[in-house]
Structure formats: C-alpha cells, structure tokens
Amino acid sequence: MTTLKIAIQKSGRLSEKTFTLLENAGFQFEMTDRSLMAKCRNFPLELLFLRTDDIPEIVADGTSDLGICGQNSIAEKGFDLKEIEKLGFGKCRLSIAVPEKLISSFATGGEPFLNGMRIATSYPNILQNYLTEKGISAEIIKLSGSVEIAPNIGTADAICDLVSTGSTLKMNGLVEQEEIFFSESVLVGTGNLSKEKENILQDFLIRIGAVLLAKKFKYIVMNLERKDIPKLTEILPGLKSPTITSLADENWVSVSTVVEEKIFWATIGKLKEIGAEGILVQPIEKLII
Ligand code: AMP
C-alpha cells in the first residue's frame, strides 16, 4: 500500500508540538524500529524521527516525502523546498546579540557597529547573507551549540542565535541588536509527489488544517434578552451568523457562535455591554469550513 513518509524532529523544541498536532488530527501511531520510525494505524502515513537540521536534506533527496521543521533549518541548508503549510508553533527569530558592556562602550549602535567583530553562530549561511546584504565585514565563528556562551569565554564578540522568549540571552548578559530572520515550523515537500501520494497529502492536509483552524477560534454560548438580538448581529459575525435558541423564559434567548481568538476579549467586552450574561467559553477541537 502506498504510504506517505513524513520526517519529524526526534527530540527537542518542536517534537512534542508536532506529535500533539498529529494526534489531535486523529492519527494514531505504533512505534517500530527502536523509535526511528512510527507507522500510523489508521492512515497511510509513516513518521521518520530525525535531527531537525537533517530534515530538509532528507526531504530534498526524496528519502521522505514531507518534513516538519523550522524555516530556519531550511533557509540555512539552502534546499529548494516547497512550503505546504505553516504550523503556527516553534516561532522564533534569528538575532544578533552583543554583551551588555559592549553596548555602553559603543553608544552608536546599528549595523556598522558589527564591523570587524567575531560573531559566533550555528547559522553561518543566513548570517553571511545578511552581512553581505548590509555590507558589513565581520568574521563568522561556526559553532554547533551553546552559542550564547561564546562572548563570555572570549571565542567571539557577538552571537547570532535563535531567540524565543529572550531569557537565554538575558541569562548570559547579552542584548538583542538585530533580528535577521523570522521562523516558525512548517510542513515542506519537494512538490514532486506521485498522483497517489498527492491524494493522501490532500487528505492529510484537511485533517491537519481542521486542527490548525480550530486553534484560532473559541466557541461561546450566552444568554441575552430577546429585544437585544439586533445589537448582537453587528458584534458577532460567527461563521455565517450566530445560532439563536429560545429559552423557557420567552423574553430571553441562548446565543451560540464562534469567535476568532485574536478579537476574543474585545468581543466579550462588547457582548457584556449589550447585556449578555452567563457567557460560556469552550475550545474547539476541529473546525472544517
Ligand atoms: P529563549 O531563551 O526562549 O529565547 O530560547 C533560546 C534558546 O532556545 C537558544 O538556545 C535557541 O537556540 C533555542 N531556540 C529558541 N527557539 C527555538 C526554535 N524555535 N527552534 C530551535 N531552537 C530554538
């Protein structure tokens, strides 16, 4: 039977979220081959567990049909892969950071500030492209990990590393100077699948898409005086329009609808203003439009 192979991170920042996304979409896995791969019980899908930095190459050379990894890994490796879906997790930025004490001794700041510096990074290609584009002449020190300690041990003057919350920089007395690349986890492929695999991919995307879309909305139910229904429809567009159900007290109705996460609190505020009561909020597991 034709099976779609997807390379995912074996362990690290992205692995748990990737696995949760797949499980929430209803895929069930059984581990085989000492956890190097997992077969899906209820869908023609196979997972290959790899180091995240190896995923772009495994997809580019056709060993795996698809991969889930950070845009940072793809840009650094330089493989020409097709981004199929942004997955909304693993968001981070690749930034140049310098020791606090350097900032105070060079009050000028900005790009020329980096001229002549030694910058430690695990992303030499992205950094080199940035430096070339900006006309900055700096030495790149390639490190495969623990980049943030380089200035403290005297290996480099500055670093270029991934930043998520910024706490690692802070702990090492570093200050973010320039954000040079933004990244999140993506599903990638080569765009050269057989017809059969393409059909499986489309089915896979419907299931993943339902989970990703559901995360952007909340389901709400509330009570409202019947006379206030006209005010409601201006506030709640819903997917089409809100569902209104009569209550035992005929002066009141129950209203249910979905609200986009990004306008959630603003919407709740407006609903309270028009007299909505007992507002119940529920997460949505899957949403198919
Ligand atoms: P933070 O302290 O949250 O800013 O995280 C910074 C540390 O986590 C650095 O060591 C980064 O290399 C690593 N990191 C942050 N975000 C990611 C990501 N999305 N993917 C891989 N590594 C990351």
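The first residue in the sequence is number 1, and the count goes up from there. First listed ligand is number 1; within each ligand, the first listed atom is number 1. In what follows, every heavy atom counts, from backbone to side chain, and hydrogens, waters and symmetry copies are set aside.
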Go through ligand 1 atom by atom and flag the ones less than 4.0 Å from a non-hydrogen atom of [X].
X      : value
Val163 : 4 (O)
Thr168 : 1 (P), 2 (O), 5 (O), 6 (C), 7 (C)
Cys92  : 16 (N), 18 (C), 19 (N)

Lys91, Lys17, Arg13: member with heavy atom nearest to atom 17 (C) of ligand 1:
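Looking at heavy atoms only, Arg13 sits closest to atom 17 (C) of ligand 1.
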
Nearest non-hydrogen atom to atom 12 (O) of ligand 1 belongs to which of Asp161, Thr165, Leu14, Asn72?
Asp161

Evaluate the ring planes of Phe43 and Phe27, with Trp represented by its six-membered ring, and classify them as parallel (under 30°), tilted (30 to 60°) or perpendicular (over 60°).
perpendicular

Would you check if the side chain of Ser73 reaches a backbone N or O of Asp53 as a donor-acceptor pair within less than 3.5 Å?
no

Lys/Arg N to Asp/Glu carboxylate O, [X] vs [Y], below 4.0 Å:
X      : Y      : answer
Lys218 : Glu261 : yes
Glu179 : Arg93  : yes
Lys39  : Glu46  : yes

Please verify whether a non-hydrogen atom of Gly70 lies at under 4.0 Å from ligand 1.
no

Just checking, is any N or O donor in the side chain of Glu148 or Thr168 under 3.5 Å from an acceptor N or O on the other one?
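Thr168 and Glu148 do not have a side-chain donor-acceptor pair below 3.5 Å.
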
Could you tell me the residue and atom name of the protein heavy atom closest to atom 21 (C) of ligand 1, and the distance to it rounded to 0.1 Å?
Leu162 CD1, 3.6 Å

